[in-house]
Amino acid sequence: MRARSRQESKVAAVRVIQGFGGRITLVGVLLLVFLLACLTRVGYLQFVRGSELSERGISQQKDALTFYAKRGKVVDAEGTPLALTLETRQIEVVPSQVQEPGFVIEYLSGVLGWSTERVERAAFCTTKKNVACYVHRVLDPKVVAALTSVMDPANKDGRARWLRSQLQGVRLIPAAARVYPAGERAGQIIGVARVPQCTKEKKERGECKAPDPMEIEGQYGIEADCNDVLSGREIVLDGWKQNQSGVSLSANNPELEFSASTVKLSIVLPIQAIAEEELARMVIGSFARRGTALVMDVGTGELLAVAHYPPFNPNGTEMYAGNEIWKWNDSAFIEQFEPGSTLKPLVAAAILEEGLRSLDDTEFCENGAWRVDARHKPIKDHGSYGWLTLWDCIKFSSNICLGKLGLELGDDKLFDYMWRFGFGQKSGVKTSSYEASGTLKKGKRGWADMQTANVSFGQGIAVTAVQLVTAVAALGNGGVLMKPILVKEIRDAGGKLLMEYKPEIVRQVVSQSVARQVIEAMRRVLEPGGTGEKAVVYGFDAAGKTGTAQKVMTLVDPYWVKSKERPRPRQTGRYVDRWIASFVGLVPSDKPKLAILVLVDEPYSNHYGGVVAAPAFSRIAERTLAYLNVVPSVEQTHRIAPKASPVAPAAPVPAEGPVEEAVAAPTAVGAAVVPEFSGMTPGEALRVAMAARVELVAEGSGVAVSQKPSGKTAVVPWQEVRVRFSPAGGVQGR
């Protein structure tokens with residue numbers, strides 16, 4: 001019985017094992033089939049759709065990353081920044097989210113220093129839901145820091161939390177701001193780049209929305225002229241997504257900073273400062289309306305300085321009202337004026353080039369008054385001159401002499417030469433923004449005799465300042481007219497040169513020998529008795545020409561009576577008792593390096609260019625040549641005020657006042673000699689020191705009372721000379 005039971009147990013166990021084996025086999029078969037299916041799928045995905053799925057995976061990890069290139073820099077010829085873009089904060093208000101409008105208005109008014117009415121107009125510009133109104137782009141770092149601290153959610157300070165609760169709807173976001181490190185220096189030339197303004201047309205179309213935080217638009221000057229290359233553009237690149245901790249999922253996601261191109265000007269900031277300082281002194285001293293001064297490199301046509309007065313600071317554009325827009329304009333390129341007598345050397349060059357006269361030939365100047373014809377008023381000179389050589393016609397600035405010679409030249413040739421000197425056409429110095437072409441027109445019948453005579457001494461023709469200085473520079477360049485240069489080069493953010501504006505010859509206007517003769521005649525203008533004797537540049541020979549032009553203004557007919565036939569008063573251009581005083585010259589005259597033009601608009605104290613503009617030319621030339629390390633080339637005595645003396649001078653006294661001999665400036669070779677500065681003011685001492693090739697170190701103010709080394713001491717060139725000035729020195733008299 002037991003044996004049978006054991007046998008049955010063995011049989012049952014074998015059956016169970018056989019059952020498990022079948023199941024294991026089945027499972028194995030199923031696993032094998034599944035594995036084969038997986039391998040097949042993997043092979044299909046890997047070899048058939050591998051590239052497609054790989055690209056899809058990468059695309060799911062990547063995203064479009066948006067960068068915004070900063071607006072490019074503007075620098076001077078030496079690389080000094082004139083315009084930069086910095087990160088600041090932009091204030092925006094979403095009116096529909098504001099809970100306490102009164103508090104928001106008062107708070108922003110206090111922060112920005114604005115009236116509550118102005119803040120309210122800006123902050124609550126719309127009633128649309130969730131639409132932001134642009135308020136202001138804050139520049140002051142202290143204000144930015146204070147606002148950032150208040151608006152930062154991480155700031156758990158009780159007052160900050162309370163302010164944030166009251167300022168709901170106010171947003172402070174990163175933004176770009178344009179700053180001008182040089183301030184007023186070359187302000188009109190650089191111009192302004194600002195947040196795009198909401199115009200009346202945009203308001204009517206409902207397009208006045210908050211500007212892009214990085215958006216800045218050039219509106220005047222170089223900022224507008226080169227806006228395309230300076231503008232920061234939105235750049236979209238593929239980048240790797242980031243995880244919740246903000247860590248990049250790939251090491252190949254660099255932190256890039258983009259910036260636009262850099263524009264380098266021909267302006268040299270120290271020379272610009274010299275021109276602006278002397279121009280301001282001249283305009284203020286003559287009680288004039290405004291002024292302009294240009295300094296050009298004769299050989300290249302590069303504008304080293306373009307100064308305007310009153311000055312303009314691009315950093316504070318909000319202080320200028322709409323009716324003061326003329327302060328923003330670079331008038332040297334866009335405003336036209338009659339050149340007056342500054343045109344006479346160019347007309348003389350045309351006469352010499354045509355062989356009609358030599359400088360030694362004489363012309364009768366009608367004793368100061370001459371009628372071209374019976375219909376017109378007589379042309380007058382400021383002196384009763386008889387027979388004058390062409391030398392003296394330029395020296396004494398005779399209108400009659402040049403008028404007669406202009407008629408002999410003829411209107412066709414006179415027009416042609418004026419055109420060849422660059423008048424009546426744009427100079428090309430501005431590439432995209434507005435530049436005036438001047439006025440030089442002639443009808444089919446040509447000019448009448450009176451008009452030809454007028455043009456010959458600078459009336460009836462309108463020029464810009466850059467046209468006039470370029471034309472005179474052509475005389476100093478051997479008769480070759482150069483294209484003026486304001487922008488020297490443009491480079492990308494990496495420093496790669498994109499565009500370079502090299503010196504460019506426009507045309508040969510007159511021969512080199514004629515240009516040399518005219519410069520010699522212009523030198524006599526600065527001699528005693530000449531109209532430009534106040535333009536003497538101590539230590540250098542200079543050549544120049546004065547100009548005094550009567551202004552033409554649009555006036556309303558005083559006899560107008562309203563009627564159906566004449567509903568509006570007639571407006572006519574007439575000469576008025578307002579003047580533009582000017583001086584244009586070349587220095588050094590033997591090998592001209594600089595062409596300098598000085599213009600004074602409506603001087604009150606005296607309207608003659610030789611009195612008002614010539615001294616500024618002298619000071620700009622002296623200081624600029626000293627900066628450029630141009631060594632004085634001539635020996636020159638200096639006009640200084642002596643101590644008071646009861647004895648009247650026996651000889652006639654020049655217009656500048658009494659003079660005494662100072663130590664002569666040494667020549668370019670050898671040691672320098674220290675002048676005797678006793679009794680001089682700081683300005684007089686500086687002029688004498690530059691001409692004598694010593695460096696003045698001034699201490700105090702008033703008049704010079706002591707110096708070290710003493711006067712007439714031989715020193716190495718450009719050695720320091722310390723001079724002490726004292727107001728008490730004035731008691732001893734000058």
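Of the possible polar contacts, one joining the Thr548 side chain to the Gly609 backbone as a donor-acceptor pair under 3.5 Å is found. One N or O on the side chain of Gln508 and one on the backbone of Val510 form a donor-acceptor pair closer than 3.5 Å. A distance-only check finds no donor-acceptor pair linking the side chain of Lys488 to the backbone of Ala77 [under 3.5 Å]. The closest donor-acceptor contact from the side chain of Arg371 to the backbone of His376 lies under 3.5 Å. The closest donor-acceptor contact from the side chain of Gln188 to the backbone of Ala307 lies at 3.5 Å or more, if one exists at all.
The stretch residues 587-596 participates, sequence neighbours left out, in these salt bridge (Lys or Arg N to Asp or Glu O under 4.0 Å) pairs: Asp297-Lys593. Each salt bridge (Lys or Arg N to Asp or Glu O under 4.0 Å) pair with one or both residues in residues 454-477, not counting sequence neighbours, would appear here, but there are none. Applying the ring-ring contact (aromatic ring centres under 6.0 Å, His included) rule to pairs touching residues 578-597 yields Trp579-His607, Phe583-Phe617, sequence neighbours excluded. For residues 445-468, every residue pair satisfying the ring-ring contact (aromatic ring centres under 6.0 Å, His included) rule, not counting sequence neighbours, is listed here: Phe415-Trp447.
Here the side chains of Lys442 and Met418 are not in contact, with every heavy-atom distance at 4.5 Å or above. Annotation: side chain of Leu269 is in contact with side chain of Arg185 (closest heavy-atom distance under 4.5 Å). Under the 4.5 Å side-chain criterion, counting only non-hydrogen atoms from C-beta, Leu599 is in contact with Ser582. Side-chain contact between Ile485 and Glu504 is absent, with no heavy-atom pair separated by less than 4.5 Å. Two residues are said to be in side-chain contact when any heavy atoms from C-beta on lie closer than 4.5 Å; Val612 and Met282 meet this criterion. Within the 4.5 Å cutoff, the side chain of Pro592 has no heavy atoms near those of the Asn477 side chain. Contact check for Tyr604 versus Ser286: no side-chain heavy atoms found under the 4.5 Å cut-off. Leu265 is not listed as a side-chain neighbour of Asp76, based on a closest heavy-atom distance of 4.5 Å or more.
With a 6.0 Å radius and a threshold of 12 heavy atoms from other residues, nucleotides or ligands, Gln512 has its CD atom at or below the threshold. The number of heavy-atom neighbours closer than 6.0 Å to CD1 of Ile505, taken from other residues, nucleotides and ligands shown, is 12 or below.
The two atoms that bring Leu597 and Ala465 nearest to each other are CD2-O, 3.4 Å, heavy atoms only. Between Gly458 and Leu343, the shortest heavy-atom contact is CA-CD2, 3.9 Å. Glu302 and Ser266 get closest at one heavy-atom pair: CB-CB, 3.9 Å. Summarising the geometry of Ala542 relative to Val537, their closest heavy-atom pair is CB-CG2, 3.9 Å, with the distance given to 0.1 Å. Of all heavy-atom pairs between Ile267 and Val306, the closest is CD1-N, 3.8 Å. Gly446 and Asp411 get closest at one heavy-atom pair: CA-OD2, 3.5 Å.
Here the straight-line distance linking atom CD of Glu520 with atom CG of Leu359 works out to 9.5 Å at 0.5 Å rounding. The distance from the CD1 atom of Ile580 to the CD atom of Glu338 is 8.5 Å, given to the nearest 0.5 Å. Separating the CG atom in Leu405 from the OG atom in Ser456 is a distance of 8.0 Å, to the nearest 0.5 Å. A distance of 9.0 Å separates CG of Leu414 from CG of Leu407, quoted to the nearest 0.5 Å. Between atom CD of residue Gln467 and atom CG of residue Leu440 there is a gap of 9.0 Å, rounded to the nearest 0.5 Å. Of the inter-residue distances, the one linking Thr292 atom OG1 with Phe337 atom CZ reads 8.0 Å to the nearest 0.5 angstrom.
Residues passing the disulfide bond (SG atoms under 2.5 Å apart) test with Cys393 are Cys401, sequence neighbours excluded. Scanning for ring-ring contact (aromatic ring centres under 6.0 Å, His included) contacts around Phe677 gives an empty result, with sequence neighbours left out. Not counting sequence neighbours, the partners of Tyr385 by the side chain to side chain contact (heavy atoms under 4.5 Å, CB included) test are Cys365, Asp381, His382, Leu388, Phe396. The ring-ring contact (aromatic ring centres under 6.0 Å, His included) test applied to Phe364 returns Trp387, not counting sequence neighbours. Residues passing the side chain to side chain contact (heavy atoms under 4.5 Å, CB included) test with Val283, sequence neighbours excluded: Leu279, Ala288, Tyr309. For Tyr417, there are no ring-ring contact (aromatic ring centres under 6.0 Å, His included) partners, not counting sequence neighbours. With sequence neighbours excluded, the residues that form a side chain to side chain contact (heavy atoms under 4.5 Å, CB included) with Ala543 are Ile519, Met522, Arg523, Ser589. Looking at residues two or more places apart in sequence or on another chain, you find a side chain to side chain donor-acceptor pair (under 3.5 Å) between Arg357 and Glu363, Glu408.
Using a 4.0 Å cut-off between a side-chain N of Lys or Arg and a carboxylate O of Asp or Glu, Glu622 and Arg619 do not qualify as a salt bridge. In summary, Glu366 and Lys380 do not engage in a salt bridge, as defined by a charged side-chain N under 4.0 Å from a carboxylate O. Checked for salt-bridge contact, Asp601 and Arg578 miss the test: no charged N lies under 4.0 Å from a carboxylate O. Between Glu353 and Arg420 there is no salt bridge, since none of the side-chain N atoms of the basic residue sits less than 4.0 Å from a carboxylate O of the acidic one.
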Stepwise side chain to side chain contact (heavy atoms under 4.5 Å, CB included) test for Leu409 and Lys413: CA-CA 6 Å; Leu409 180 65; Lys413 288 185 177 179; 4.0 Å; yes
Quick one: do Val268 and Leu628 satisfy side chain to side chain contact (heavy atoms under 4.5 Å, CB included)? Show the steps, please. CA-CA 11 Å; Val268 179; Leu628 295 175; over 6 Å; no
Could you walk me through whether Phe333 and Leu303 pass the side chain to side chain contact (heavy atoms under 4.5 Å, CB included) check? CA-CA 12 Å; Phe333 308 103; Leu303 290 163; 4.0 Å; yes
Check against side chain to side chain contact (heavy atoms under 4.5 Å, CB included), Met296 and Leu594: CA-CA 6 Å; Met296 174 178 280; Leu594 303 175; over 6 Å; no
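In the model, Glu435 has a side-chain atom that pairs as donor or acceptor with a side-chain atom of Ser427 under 3.5 Å. Thr531 and Ser397 share no side-chain donor-acceptor pair at under 3.5 Å.
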